[in-house]
Amino acid sequence: MKKKIVILPGDGIGKEVTTEGKKVLEKIAELFDHQFVFDTASIGHDAIEATGQPLPEETLTKLKNCDAILFGAVGHPKYDNDPTLKVRPEQGLLKMRKELGLYANLRPIKLFDELLEASSIKPEILKGSDILFFRELTGDVYFGDKGRKDEGKTAYDLMIYQKYEVERIAHKAFQAARTRKKKVTSVDKANVLESSRLWREVVNEVSKQYPDVTLEHQFVDAAAMKLIQSPRSFDVVVTGNLFGDILTDEASQIAGSMGMLASASVGDQVGLYEPIHGSAHDITGKGIANPLASILSAALLLDISFGLKEESEAVIRAVEQTLKAGYRTTDIADSKTRKENILNTTQMGTNVIGQIEKVVNKQMVKQ
Ligand code: IPM
Ligand code: MN
C-alpha cells in the first residue's frame, strides 16, 4: 500500500512524541511491505514564529493533499499568561479541524491491565473499563460567536448547535456501538441549556434507526461523577465539543495517564491522529514525555484511515508487551517500577519497535 502521511509536530513535547510515532509507522511499512511517504509541516507557536500564522496556507495545502495526518500538540505558556495576544497557537488547531471538516473526535479510553496500579482510582473500580468517546469537534462554544462589549467589561461565547451537526456525530456513535456493547450514553445539560435540548431531541430521533442499541442520557455533571464512580457502566459516550474536552481529560485517569490516550479526528476527508495531551512545556526538552499516546494514535491511523487492522493490532500488542515487560515512562511508573525500567521518550519508542518486530515475526511463524 502506498500512502502519503503528513507529520505535524507542533509545539512543546509534540516534536518529541511524533518522532516516536513516525518511527513506529516506518517500522510497520518495512515489516508489512507498505510505502509510507512522509512530509512535515508547521502549526501552532512554531508556525507563528516562522510565518506569523498559526496555520500557514502551505501547511493547509499539504494537509488537504495527503492520506493521513499524525499531529503532536500546540500551545505555549507565553500565550496562556497573556490573554490579550490576538494570534494564538490554538487557533491553528481549531482552524485545521474546521477546514478539514473533522467533526468527530474519537477518544478510546482503554486501560492496559499492566497500568491498573498507575491510576489514582482503585483497581477494582477500574478493571475492565473500555469506553469510546465521540466528542463533536467543529461546533459548540468553540466556534460560536464570541466577543466583548461594554468597553470590554462583558465577554461572551455562544453555545450553538445545528441539527445536522448533532445528527452526523450521533450516527457515528450508534454505528460504533453496534460493533461493541451496544450502548450509547449521550451527555448534555438539557436541564439548563437550549442547545442541549436540541442535542437530546436529535439523538433520540437518530436512535430510532438503531433499535438494537440502548440509549441513555446523562447530564454532564452527573456523567463526570459516574465516570469515576463506575467507569465500567459506559460503552460509547457521545457529547458536544466543550463537555467532551473536559470529560476526556477526566477519563484519561481511567487509563492511568494522559500520556496513554490517543485520538482520531475524522470527518468526510482526511483523518487526523493525535494524543489528547497538550504541549506540556513543563517537561519539554527533558526527553521524558510518554510517546505511547502518539504511538497509539499511529495505530488508530493505520486502522481507521488505511484499514490496516493487522498492522494496527501489532502496534497495540507491542505497547502491551512493552508494559508487560515492566518498562515505564515516569508518568506511568509506580512504587513497584524498577529504576532501570524507567525509560526516556526515545528508549520507549525504540522498545516498542523491538516488540513490533517480535510480534510480527511470531505471527509469521504461526502462518
Ligand atoms: C484538545 C485540546 C484543544 C481543545 C485545545 C488545545 C484547543 O485541549 O484537543 O483537547 O480544547 O480542543
Ligand atoms: Mn483538551
Side-chain angles (χ1 to χ4, degrees), residues 8-15 17-18 21 42-48 53-55 59 63 69-83 85-109 131-144 146 157 159-161 165 169 187 220 223-224 227 237-255 257-267 271-282 284 289-290 293-294 296-297 300-301:
L8 269 185
D11 306 322
I13 60 167
K15 293 187 183 60
V17 298
T18 49
S42 68
I43 189 168
H45 170 70
D46 191 45
I48 296 174
Q53 298 292 325
L55 182 69
T59 296
L63 300 181
I69 305 159
L70 188 72
F71 169 60
V74 289
H76 193 279
K78 174 175 137 185
Y79 304 85
D80 299 343
N81 300 330
D82 186 354
L85 290 172
K86 288 272 176 288
V87 180
R88 312 178 65 81
E90 290 80 5
Q91 291 162 347
L93 176 58
L94 299 184
K95 186 168 174 212
M96 172 168 71
R97 288 172 177 166
K98 198 73 172 176
E99 290 271 341
L100 299 177
L102 301 168
Y103 64 83
N105 184 214
L106 283 70
R107 297 189 161 184
I109 314 286
I131 310 172
L132 177 57
F133 272 87
F134 279 82
R135 169 189 175 195
E136 198 288 328
L137 205 58
T138 53
D140 206 344
V141 279
Y142 274 71
F143 294 94
K146 58 180 79 235
D157 299 271
M159 186 176 261
I160 181 166
Y161 265 116
E165 294 175 310
I169 186 97
V187 176
V220 64
L227 263 178
V237 178
V238 63
T239 189
N241 205 344
L242 182 63
F243 299 155
D245 179 45
I246 300 166
L247 289 180
T248 51
D249 265 29
E250 183 194 358
S252 74
Q253 287 312 297
I254 297 167
S257 162
M258 284 270 274
M260 294 300 298
L261 283 201
S263 90
S265 302
V266 298
L272 177 135
Y273 301 84
E274 59 167 310
I276 84 154
H277 65 67
S279 48
H281 280 267
D282 50 334
T284 298
N290 184 349
S294 183
L296 291 168
S297 297
L300 285 176
L301 181 158

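In each ligand, atom 1 is the first atom listed, and ligand 1 is the first ligand listed.
- Between the Asp11 side chain and the Asp46 main chain, a donor and an acceptor come within less than 3.5 Å of each other.
- Taking 4.5 Å as the limit, some side-chain heavy atom of Ile131 sits within range of a side-chain heavy atom of Ile254.
- Among protein heavy atoms, the minimum distance from atom 7 (C) of ligand 1 is reached at Glu90 CG, 3.7 Å.
- The shortest contact between atom 11 (O) of ligand 1 and any protein heavy atom is with Tyr142 OH, 2.6 Å.
- Shortest contact from atom 8 (O) of ligand 1 to any protein heavy atom: Asp245 OD1, 3.4 Å.
- Listed by chain and number, Asp245 OD1 are the protein N/O/S atoms closer than 2.8 Å to the Mn ion (ligand 2), with waters left out.
- Side-chain atoms of Asp157 never come within 3.5 Å of backbone atoms of Lys146 as a donor-acceptor pair (strictly under, hydrogens ignored).
- Atom 3 (C) of ligand 1 has its closest protein heavy atom at Leu93 CD2, 4.0 Å.
- Nearest protein neighbour of atom 9 (O) of ligand 1, counting heavy atoms only, is Arg97 NH2, 2.7 Å.
- The shortest heavy-atom distance from His277 to ligand 1 is not under 4.0 Å.
- At least one heavy atom of Arg107 sits closer than 4.0 Å to an atom of ligand 1.
- Taking the side chain as every heavy atom from C-beta outward, Leu106 and Val266 approach each other to under 4.5 Å.
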